[in-house]
Protein chains: 2
Amino acid sequence: MVKLDFDKTNGLIPAIAQDADTGEVLMLAYMNQASFNETLASGKATYFSRSRQSLWKKGETSGHVQHVKEIRVDCDHDTILLKVEQVGGAACHKGYKSCFFKTIENNEFKIVEKRVFDPKEVYK
Amino acid sequence: MVKLDFDKTNGLIPAIAQDADTGEVLMLAYMNQASFNETLASGKATYFSRSRQSLWKKGETSGHVQHVKEIRVDCDHDTILLKVEQVGGAACHKGYKSCFFKTIENNEFKIVEKRVFDPKEVYK
């Protein structure tokens, strides 16, 4: 029975979602024990929304579900790495494949990716 | 001038280090404003150690410095993704290339990577 260290950070630990095929880092969200259990049971990434303070089944609104291919944990058991298949090709609610679509160059943000979908069309 | 959202989580936000060449996720640590500034200024990953409550220049003891090739931030400006060149070939203090050397399978941890160095030889 695996036990992760949810206690260190008030019940929530970071979970990184990485594209299982390309290795691209798609997003980072948080999990509590219940969302981790739900992820294990369903095979779909389920996070805990800090803003809504509730379980967040990724893709429930947008259809952009994440099928979990592999679950890794770090040496301290306080970070999760999910290797996922991202349905719809985009993890970010702003319409990009990855939430990490901006670089920092010369102390400025710069968008370096292209939008995959228009958020206004997906979140109606 | 870039401004990240350090306030949401008491001054510390997660920073993912990813191998710039292979895309492998190496580790996750935390940064405060000072460590972020130091990372930008030095070009070497500098975190904030939650256990020691001080700036943590990655590799200062082991020599396993991370040269930062690219800095990305997520859509909410509350997570950092560093693309790095990992000196010494290993990010994890337990001697593995990546801290994510364990999978979860059938509700058990399973080590799926090989050690690159012996921690007892590096941290004397």
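This one's a predicted model, so the numbers in the text were calculated from it and none came from an experiment. Just so we're on the same page: letters track the sequence lines, and every chain starts at 1.
The candidate with the highest count of non-hydrogen atom pairs below 4.5 Å against chain B, out of A:Asp76, A:Val25, A:Val112, is A:Val25. Counting heavy-atom pairs closer than 4.5 Å to chain A, the top-ranked of the candidates B:His77, B:Glu108, B:Met27, B:Lys3 is B:His77.
Across every non-hydrogen atom of B:Cys75 and A:His93, the tightest pair is SG-CE1, 3.8 Å. Nearest heavy-atom pair across B:Phe100 and A:Arg72 is O-NH1, 2.9 Å.
Linking Ile, Leu, Val, Met, Phe, Trp and Tyr residues whenever their side-chain heavy atoms come within less than 4.5 Å leaves A:Trp56 and A:Val65 in two separate clusters. In the hydrophobic cluster analysis, where Ile, Leu, Val, Met, Phe, Trp and Tyr join through side-chain heavy atoms closer than 4.5 angstrom, A:Ile16 is grouped apart from A:Phe36. Hydrophobic cluster membership is shared by B:Val68 and B:Leu40, with clusters built from Ile, Leu, Val, Met, Phe, Trp and Tyr side chains linked at under 4.5 angstrom. The same ILVMFWY cluster, assembled from side-chain heavy atoms under 4.5 Å apart, contains both A:Phe6 and A:Val2. A continuous path of hydrophobic side-chain contacts links A:Phe109 to B:Leu82 [ILVMFWY only; heavy atoms under 4.5 Å].
Ionic pairing of B:Asp78 and A:Arg50 is present here: one or more N-O contacts between side-chain nitrogen and carboxylate oxygen are shorter than 4.0 angstrom.
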Would B:Leu81 and A:Leu28 count as a side chain to side chain contact (heavy atoms under 4.5 Å, CB included) here? Give the steps. CA-CA 10 Å; B:Leu81 174 64; A:Leu28 180 142; over 6 Å; no

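Of the atoms belonging to A:Thr22, not a single heavy atom falls under 4.5 Å from chain B. Residue B:Leu4 touches chain A through its side chain alone, counting heavy-atom pairs closer than 4.5 Å. Using a 4.5 Å cut-off between heavy atoms, A:Ile104 touches chain B through backbone and side chain atoms alike. For chain B, the nearby part of A:Lys94 is the side chain; its heavy atoms alone come within less than 4.5 Å.
The number of heavy atoms from other shown groups lying within 6.0 Å of NZ (A:Lys110) does not exceed 12.
A:Glu70 places no side-chain N or O within 3.5 Å of a backbone atom of B:Glu105 that could act as its donor or acceptor partner.
Here the straight-line distance linking atom CG of B:Asn37 with atom CG of A:Asn107 works out to 8.5 Å at 0.5 Å rounding. If you take OG1 on A:Thr103 and CD1 on B:Ile71, they are separated by 9.0 Å, rounding to the nearest 0.5 Å.
Contact of the B:Val73 side chain with the A:Phe101 side chain is not registered, since no non-hydrogen atoms from C-beta on lie closer than 4.5 Å.
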